[in-house]
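In what follows, chains carry the letters A, B, and so on, assigned in the order in which the sequence lines appear, proteins first and then strands, with residues in each chain numbered from 1.
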Amino acid sequence: MIDVRLLRTNLDGVRSALARRGKPDLLVQVDEAVALDTRLREISLERDTLRAEVNDLSKQVGALRRDKKNDEAEALMERSRAGGDRERVLQSEIDTVQDALQQIMLRIPNLPHPDAPDGAGDHENPIVKGPINLPATFGEHQRVPHWETATALGILDNERATKIAGAMFTMQRGLGATLARALCQFALDQNADAFEEIRPPSFVTTATLTATGHLPKFADDAYAIERDDLWAIPTAEVPLTSLHAGEVLDEAELPVRLMAYSPCYRREAGSAGRDTRGMLRAHEFDKVEILAIARPEDAPELLTELVGRAEALMAALELPYRIIEICTGDMGGSHHRSFDIEVYAPGCDAWLEVSSVSWFSDYQARRADIRFKRTGQKGTEIANTLNGSALAVPRVWAAICENHRQPDGSVRIPDVLLPYMRGATHITPKA
RNA sequence: GGAGAGGUGCCAGAGUGGCCGAAUGGGGCGCCCUGCUAAGGCGUUGUCCGUCUUAAAGCGGACCGUGGGUUCAAAUCCCACCCUCUCCGCCA
């Protein structure tokens, strides 16, 4: 959530920042929020005043009862009762207004960073680096989509995955399964120098899924386990962000740096049939996420670092990649500024998004109530959060199958993964 | 899943309707005493919202697991839920 107080102190700033997202409805929502907030403060003040009266009368009643002046006490109780009745009426209006305001605030997206590029949609995301490692030409053997080659190699068996679980599930076999796990292991090892490894729960409460901004807006995209009131996580960002929810951290503990491998579950509502072949889009996939909780002033540098770490993995895997910055019209609702890393897959002839790194300013931290205390100062401040995929397995797996395919049809394992492949240097067709 | 016990401030822990935002002890912070250390003395010690103010202070409200209820008045009584611990059952 953005800070409600911004609506009071800098409404023009909020409006112009949100206008850059190119969704006129947002400004209507802002106006509604302003009206509700104004009303809420009016009636809250009235309620507090009434409460003060009732509190005062009650104290007097207590004193009079002790002095056995029951008649006088009775008179005050009568007045207090009347005050209490009026208070109840106000309180129910407060509840209504507060709830309405909360619902709107939960849906108003974050303010884009001033340096985030303007743009109407994904076609206007500027390339800020690369392409790197992109050869002038690709061999014919690389121009075959991975769903054909990997199936032929016996390392991808989506047909049986579908038999078991339905459409849009994938299954890797043999060295294909090993490769998927190797990628996770590699991504974790590469970031272990600065990040604590977490193995979080894969199911979370509604409050947890709300903190990151996935609820209430994107309920249809998440798997719900209704019987137990739980949600399957769409990314490890969700449990990691809420790891310190409701806590006040010491400034000295910051930045908190966490990483986690986790399965990710997405219903992909609305995208059925799009990019669904092979490993491009599935209901379940593996990912290694890196995340930081930081003081606001440290966030820009951390954003650069996180992007650099995700980039380093693609470089080490010898894949052609580029970095794009997400423009205001394409930016996720919780994002303040974000960058994607895309890898080129010659068989699909497409740039695949393999990592997304974002700075959320205090938007998620306010929802999650993550605060910190500056050393030697009174009071607390809302922290900033940042996170990014270090490595999302399926598309990287696909890109390896296509880019590193040899003229003989085998797939070469990049050197950095060799320690995790049980001695295999190539994936070759079964004899 | 069953039975029982419990959730109070930074920590321990008292508090069964009013004088309780909360005793007492410990810790932290400040000052004093002290050659140094130890011991001791005095004081102080949370968060959120609103209001006034350039700001601080002040003032008002809220917070004793969470949400409801009873009452003039709730940490305290009632209901539901969540969590923790012990025992039993089940189980990788």
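- Rounded to an integer number of Å, the gap from CD of A/E87 to P of B/G60 is 16 Å.
- Comparing A/V54 and A/K378 against RNA chain B, the residue whose closest nucleotide sits nearer the 5' end is A/K378.
- The distance from atom CG of A/D85 to atom P of B/U71 is 10 Å, rounded to the nearest whole Å.
- Rounded to a whole angstrom, the distance from the C1' atom of B/C42 to that of B/C33 is 11 Å.
- Between A/D85 and A/R88, at least one side-chain nitrogen of the basic residue sits less than 4.0 Å from a carboxylate oxygen of the acidic one, meeting the salt-bridge criterion.
- Within the 4.0 Å cut-off from OP1 or OP2 of B/C72, not a single side-chain nitrogen or oxygen of A/N55 is found.
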Query raised in the report: Going through the checks in order, is the side-chain hydrogen bond (donor to acceptor under 3.5 Å, both in side chains) test met by A/E251 and A/T375?
Result: CA-CA 6 Å; A/E251 183 179 23; A/T375 319; 3.0 Å; yes
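- When the C1' atom is compared between B/A12 and B/U66, the two are found 24 Å apart, to the nearest whole Å.
- Between the CG atom of A/L230 and the P atom of B/C82 there is a distance of 12 Å, given to the nearest Å.
- With salt bridges taken as basic N to acidic carboxylate O contacts below 4.0 Å, none links A/E148 and A/R405.
- Counting non-hydrogen atoms under 4.0 angstrom, A/G379 reaches the backbone sugars and phosphates but no base.
- Within the 4.0 Å cut-off from OP1 or OP2 of B/G50, not a single side-chain nitrogen or oxygen of A/R47 is found.
- Nearer the 5' end of RNA chain B, as judged by each residue's closest nucleotide, is the contact made by A/G62, out of A/G62 and A/M77.
- With a 4.5 Å cut-off on side-chain heavy atoms, A/Q172 and A/L156 count as touching.
- Helical stems in RNA chain B, defined as runs of 3 or more consecutive Watson-Crick or G-U wobble pairs with donor-acceptor distances under 3.5 Å: B:1-7 with B:82-88, B:10-12 with B:24-26, B:27-32 with B:40-45, B:46-51 with B:58-63, B:65-69 with B:77-81.
- Listed nucleotides: B/G61, B/U47, B/G18. Nearest to the side chain of A/D48: B/G61.
- The distance from atom CG of A/D229 to atom C1' of B/C82 is 12 Å, rounded to the nearest whole Å.
- Among the nucleotides B/G18, B/U51, B/U47, the one closest to any side-chain atom of A/R41 is B/U51.
- Of the candidate nucleotides B/A62, B/C48, B/G18, B/G18 has the atom lying nearest to any side-chain atom of A/R66.
- For the C1' atom pair drawn from B/C11 and B/G46, the interatomic distance equals 14 Å after rounding to whole Å.
- Separating the CZ atom of A/R366 from the C1' atom of B/C48 is a distance of 13 Å, rounded to the nearest angstrom.
- The separation of B/C59 from B/A74, taken at their P atoms, amounts to 22 Å, rounded to a whole angstrom.
- Contact between the side-chain N/O atoms of A/R81 and the OP1/OP2 oxygens of B/A73 is not found at any separation under 4.0 Å.
- Residue A/F339 is tested with A/L306, A/L303, A/T304 for a side chain to side chain contact (heavy atoms under 4.5 Å, CB included); the sole match is A/L303.
- Using P as the reference atom, B/A39 and B/G26 are 12 Å apart when rounded to the nearest Å.
- The A/V61 side chain lies nearest to B/C72 when the options are B/U47, B/C72, B/G50.
- Between A/F360 and A/H335, a ring centre-to-centre spacing shorter than 6.0 Å is recorded.
- Within the structure, every side-chain polar atom (N or O) of A/K59 is placed at least 4.0 Å from both OP1 and OP2 of B/C72.
- Within 6.0 Å of the CG atom in A/D71, the count of heavy atoms belonging to other residues, nucleotides or ligands does not exceed 12.
- Using C1' as the reference atom, B/G27 and B/U70 are 40 Å apart when rounded to the nearest Å.
- To the nearest angstrom, P of B/C52 lies 8 Å from CG of A/L45.
- Salt-bridge annotation for A/R181 and A/D286: absent, with no side-chain N of the basic residue lying under 4.0 Å from a carboxylate O of the acidic one.
- A gap of 16 Å separates the C1' atoms of B/G65 and B/U76, to the nearest Å.
- Side-chain nitrogen and oxygen atoms of A/T380 include at least one within less than 4.0 Å of the OP1 or OP2 phosphate oxygen of B/C48.
- Separating the CD atom of A/E253 from the C1' atom of B/C10 is a distance of 13 Å, rounded to the nearest angstrom.
- Shown here are the side-chain contact (heavy atoms from CB on, under 4.5 Å) partners of A/A152, two or more places apart in sequence or in another chain: there are none.
- In this entry the distance linking CG of A/D95 with C1' of B/G67 reads 12 Å, nearest Å.
- Nucleotides B/A23 and B/U45, compared at atom P, are 11 Å apart to the nearest Å.
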